[in-house]
Protein chains: 2
Amino acid sequence: MQLDEAKDKFIQAWGALGSQWGINRTMAQVHALLLVSPESMSAEEIMSALNISRGNANMNLRALIDWGLVSKEHKAGERREYFFAEKDIWAVAQQVILERRKRELKPVLRVLEDVKAVEGDPESAEVVAFLASIENLHNIVGQADRFLEVVVKSDRNWFFDTLFKIVNRNA
Amino acid sequence: MQLDEAKDKFIQAWGALGSQWGINRTMAQVHALLLVSPESMSAEEIMSALNISRGNANMNLRALIDWGLVSKEHKAGERREYFFAEKDIWAVAQQVILERRKRELKPVLRVLEDVKAVEGDPESAEVVAFLASIENLHNIVGQADRFLEVVVKSDRNWFFDTLFKIVNRNA
DNA sequence: GGCTGTATTCAAAAGTAACTGAAAGTTCCG
DNA sequence: CGGAACTTTCAGTTACTTTTGAATACAGCC
């Protein structure tokens, strides 16, 4: 496999993964492209590598910057901006977890807490079933949230050691 | 808050969460509806509760059955089918992880392995940068995959104890 | 077999999300 | 200040996804 072919295969796969997880496919592709590029790239270069328009490139680069996954730099004597991705994948994972926890997990936890305040006969089958499911869900989502908080805050070595032990203890 | 209001709030939130994670919004809503329903429901009941067409209800119920989250039953003397969700949220979480690992994580791991076979000067900055990122990614995604495999196979009590210890050790 | 009540399918329509490209905005330099 | 080089915005378009509903298939009963 040639390098260009391998890059393209990776970019397509990363785009597909992103879109299956609710991330704009092009945004994931731009991220993939920058992840495997040794140099920072200009908007022009990204546009032609992925065959996308200027507006599209700009929007998705801004979104990636917003997620904390990509930064801009200026090269001496050049006016145009160059973009590069955080290459440390552990840091990338932490950042993605941080954002998704904030954007998606927190709001749903909030709703799970709110709906516990349902009125009505606490003996009725309807209310009992509702509260039972909501409470179970709240426990599990809450536990997952606390675990992910640890992931986001923890040192990579400590975390990987711990994970490794869990995986092997159970093997 | 009245029960109907709370149910609706939960169904909307669950639908929104699903759609942010690449799950059809209606499928997540049907799942939410069945999760908090004390009795199994017919297609008619689901259609009217969510204001969706028969075709839509049928398709999403089948998808939920396919994911292993919902089952059918027949009531004595009735011709129509009734649907109910797995209420054990730990089992639901395991099932969702199982499916997403199979559908999405495995294919991307496969690609990460494949593209390591890139040809070309292993000294060139392009190839070096490409392989470095791919290998880091492969390590992290692989570790996550092995961890999730443990989650899927493990006993809920053991798992929650372990998670609890991790969360508190790091607090 | 034929009839009835239900489930399933799928082509067309509606709805949603993403993309384009050109116009407006910004920055920097002489 | 004027204008070149670039970035940002956004209305209109395109492409994709979801939904509908009517046709079809099926299962059970008489």
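In what follows, every chain begins at residue 1, and chains take the letters A, B, ... in the order their sequences are listed.
When each of B/N136, B/V118, B/V115 is paired with B/L131, the side-chain contact (heavy atoms from CB on, under 4.5 Å) condition holds for B/V118 and for no other.
Using modelled atom types and a 3.5 Å distance limit, the side chains of A/D161 and A/N157 yield no donor-acceptor pair. In this model, a donor atom of one side chain and an acceptor atom of the other lie less than 3.5 Å apart for A/E119 and B/Q2. For the residue pair B/W21 / A/E104, a side-chain donor-acceptor distance below 3.5 Å is found, with atom types taken as modelled.
As rounded to whole Å, 16 Å separates atom C1' of C/dA18 from atom CE of A/M47. Whole-Å rounding puts the A/K75 NZ to C/dC28 P distance at 18 Å. Atom CD1 of A/I65 and atom C1' of D/dT8 are 12 Å apart (whole Å). In this structure, A/R62 places its CZ atom 16 Å from C1' of C/dA18, rounding to the nearest Å. Rounded to whole Å, atom C1' of D/dC6 lies 14 Å from atom CD of A/E45. Summarising the geometry, the separation between CD on B/Q20 and C1' on C/dT16 is reported as 15 Å, rounded to the nearest angstrom. The distance from atom CD of A/E81 to atom C1' of D/dT8 is 10 Å, rounded to the nearest whole Å.
Listed pair A/K72 / D/dT8 meets the phosphate criterion, a side-chain N or O lying under 4.0 Å from OP1 or OP2. The side chain of A/R80 contributes no N or O atom lying less than 4.0 Å from OP1 or OP2 of D/dA5. Close to C/dT8, at under 4.0 Å from its OP1 or OP2, lies a side-chain N or O of B/N58.
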In B/S/- notation (B base, S sugar-phosphate only, - none; protein heavy atoms under 4.0 Å), nucleotides 12-30 of chain D written 5' to 3' is ------SBBB-----BB--

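With contacts defined as side-chain heavy-atom distances shorter than 4.5 Å, the pair A/W14/A/L33 does not qualify.
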Go through it in stages, so that I can follow the logic: the residues are B/F159 and A/F147, the test is ring pair (Phe, Tyr, Trp, His ring centres under 6.0 Å), and I'd like the CA-CA distance, side-chain angles, deciding distance and then a yes or no.
CA-CA 12 Å; B/F159 182 74; A/F147 172 70; 7.7 Å; no

